[in-house]
Each structure stands twice: as structure tokens, then as C-alpha cells.
Amino acid sequence: MTGRESRVRRFSLIIIAYPVVLILIGLGLNVFLFEFGPPVVALPTPEIVWALVVASTLLVLNHTWLMTATELTRLNYNMYASHEEWIQNDTRKEDVAERGWIELDRHHNAHRNTTENTLYFIILASLLSFVSPSVFAAQLWFIGFSVARLGYTFSALRGNSGLRGLFMSLSLLSLYGLTSYLVLRVLA
């Protein structure tokens, strides 16, 4: 086996184990921190609504940050969002510096990743809100996800891969925490 093959094999195992480890951590935190009974469908309590409002506000701020940073990048590199804008400004894509495309791609990737993860968060947080969860569980997973997404945005836009990976892990941990909490409630 060559050095590259060995490296690929080792990293393949890490990539496969990564979500499993995060799922087990989320499940473990739920088992040790919270009590479970069968789900009781009810309107969310004021504390749960508060947690949703805080989380939602942070996610809207995160979206605003990503949107603004992307537009500033376009402005700084004389780039446009639509074909019509390129024509109206008598500008060609070929004239944009490679660095501009790299920065715009970084912004688009951060935005895309956040959108993908937020979709699952919305579904899980909505479900959790109506099954009479522990207030602390809702606050931990809702606000934890949103703060992790802010950290992800900061590190992704700065190009800090290590920090980006940490915040991605924390946001995934929150999603797995939400999921396992719901599963534990249903199985109780």
C-alpha cells in the first residue's frame, strides 16, 4: 500500500466515524442530562418560544451577515449577481481576478452549507417544540445550533478550516441532539 493509499484509507475511516461519534455524543448528553417520558403534544411553553425566538434571531443575523459579506465581495471585485447586471455594467467575467472568484466561492459555500443545515434545524426544532420537551434541552439545542452557525460563518469567511470544522461539528451535534431527543421521547 502506498503512502497516499494509506492516507486515503485512514481519512476514510475518520470521515465514516465522524457522524457516528457526534450522534453518540448527542445521544449521551440527552440520556445523562434529561429525563424522558412519552411525548405530550401541546403548544410550546413561553420558555420554548423564547428559545425559538433567540435561535431564529441569531439565524437571521447570520443570514444577513452572509448576504452582506457576499455583496461586499462582489463590489470589491467588480462582480455581479446576474447576467443582466454584467451586461448593464459593461463588464466581463473574464476580467475578474482569480482571487475574486475564490472569495465569492467561499461565500457561496458558507451560505449553501448554512441553508442546508438550517432546513433540518427548522424541521427538528418545530417538532421538538410541540412534544413538551425539557426547557433546558430546547434551549441547549436551539441556541447551541444558532451560535455554532455564527461561529461557522465567521471561520468560513475568514478561511480558517480548523475553526470552521469545530463549529460545523457543534452545529451537527445540535442537530443530532435534537434528533436523538425526539427519538428518545417517542421510544419512552
Side-chain angles (χ1 to χ4, degrees), residues 8-67 108-158 160-188:
V8 167
R9 182 173 168 82
R10 183 179 55 237
F11 279 102
S12 294
L13 292 173
I14 291 169
I15 290 168
I16 292 167
Y18 171 74
V20 174
V21 169
L22 289 176
I23 290 167
L24 292 175
I25 291 170
L27 181 63
L29 287 170
N30 280 324
V31 167
F32 292 112
L33 293 177
F34 311 114
E35 293 182 20
F36 294 94
V40 177
V41 177
L43 290 175
T45 64
E47 296 85 6
I48 302 297
V49 171
W50 173 86
L52 280 171
V53 168
V54 170
S56 298
T57 301
L58 293 174
L59 289 172
V60 167
L61 289 171
N62 191 55
H63 173 73
T64 303
W65 184 5
L66 283 164
M67 174 185 70
H108 283 168
N109 286 338
H111 208 135
R112 203 170 17 256
N113 184 278
T114 296
T115 301
E116 292 165 356
N117 282 273
T118 301
L119 173 66
Y120 294 107
F121 172 77
I122 291 167
I123 294 167
L124 294 166
S126 297
L127 282 171
L128 188 75
S129 297
F130 289 98
V131 296
S132 302
S134 153
V135 171
F136 179 60
Q139 291 172 342
L140 173 68
W141 300 130
F142 294 175
I143 297 169
F145 176 82
S146 301
V147 169
R149 291 316 307 176
L150 284 167
Y152 178 89
T153 294
F154 172 78
S155 53
L157 295 181
R158 296 276 185 215
N160 186 330
S161 295
L163 198 56
R164 180 183 54 81
L166 171 67
F167 284 113
M168 184 69 230
S169 295
L170 291 174
S171 63
L172 284 172
L173 178 61
S174 295
L175 291 177
Y176 294 140
L178 284 166
T179 303
S180 61
Y181 187 92
L182 285 164
V183 169
L184 288 168
R185 288 298 300 266
V186 169
L187 294 178

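Reckoned from all heavy atoms, side chains included, excluding hydrogens, waters and symmetry mates.
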Would you confirm whether [X], through its side chain, and [Y], through its main-chain N or O, come within 3.5 Å as a donor-acceptor pair?
{"X": "S132", "Y": "V40", "value": "yes"}
{"X": "N113", "Y": "N109", "value": "no"}
{"X": "R164", "Y": "Y152", "value": "no"}
{"X": "Y176", "Y": "P19", "value": "no"}
{"X": "R149", "Y": "N62", "value": "no"}

Tightest non-hydrogen contact, residues A188 and P38, listed as CB-N, 3.8 Å
Residues A55 and F142: closest non-hydrogen pair is CB-O, 3.6 Å
Give the C-alpha distance, both sets of side-chain angles, the deciding distance and a yes or no for side-chain contact (heavy atoms from CB on, under 4.5 Å) between Y181 and L29. CA-CA 9 Å; Y181 187 92; L29 287 170; over 6 Å; no
Test item: [X] and [Y] side chains (from C-beta on) under 4.5 Å apart, heavy atoms:
{"X": "L124", "Y": "W141", "result": "no"}
{"X": "F34", "Y": "L140", "result": "yes"}
{"X": "P133", "Y": "I48", "result": "yes"}
{"X": "L27", "Y": "L184", "result": "yes"}
{"X": "L166", "Y": "L163", "result": "yes"}
{"X": "L178", "Y": "S174", "result": "no"}

Check: Just checking, any donor-acceptor pair under 3.5 angstrom between side chains of S171 and N117?
Finding: no
* S169 side chain to Y18 side chain, donor-acceptor N/O pair below 3.5 angstrom -> yes
- Plane angle bin for F121 and F145 - parallel if under 30°, tilted between 30 and 60°, otherwise perpendicular: parallel
Name the orientation class of the two ring planes belonging to H111 and H63 (parallel below 30°, tilted from 30 to 60°, perpendicular beyond 60°).
perpendicular
To the nearest 0.5 Å, what is the distance between [atom1] on [X] and [atom2] on [Y]?
{"X": "I23", "Y": "L173", "atom1": "CD1", "atom2": "CG", "value": "10.5 Å"}
{"X": "L128", "Y": "I123", "atom1": "CG", "atom2": "CD1", "value": "13.5 Å"}
{"X": "L66", "Y": "L61", "atom1": "CG", "atom2": "CG", "value": "11.5 Å"}
{"X": "I14", "Y": "R9", "atom1": "CD1", "atom2": "CZ", "value": "12.5 Å"}
{"X": "I122", "Y": "Y120", "atom1": "CD1", "atom2": "OH", "value": "12.0 Å"}

Crowded around E116 CD? As in, over 12 foreign heavy atoms under 6.0 Å? yes
Is it the case that atom CZ in F36 sees more than 12 heavy atoms from other parts of the structure closer than 6.0 Å?
yes
*asked:* Working note: V186 + L182, criterion side-chain contact (heavy atoms from CB on, under 4.5 Å); need CA distance, chi angles, decisive distance, verdict.
replied: CA-CA 6 Å; V186 169; L182 285 164; 5.5 Å; no
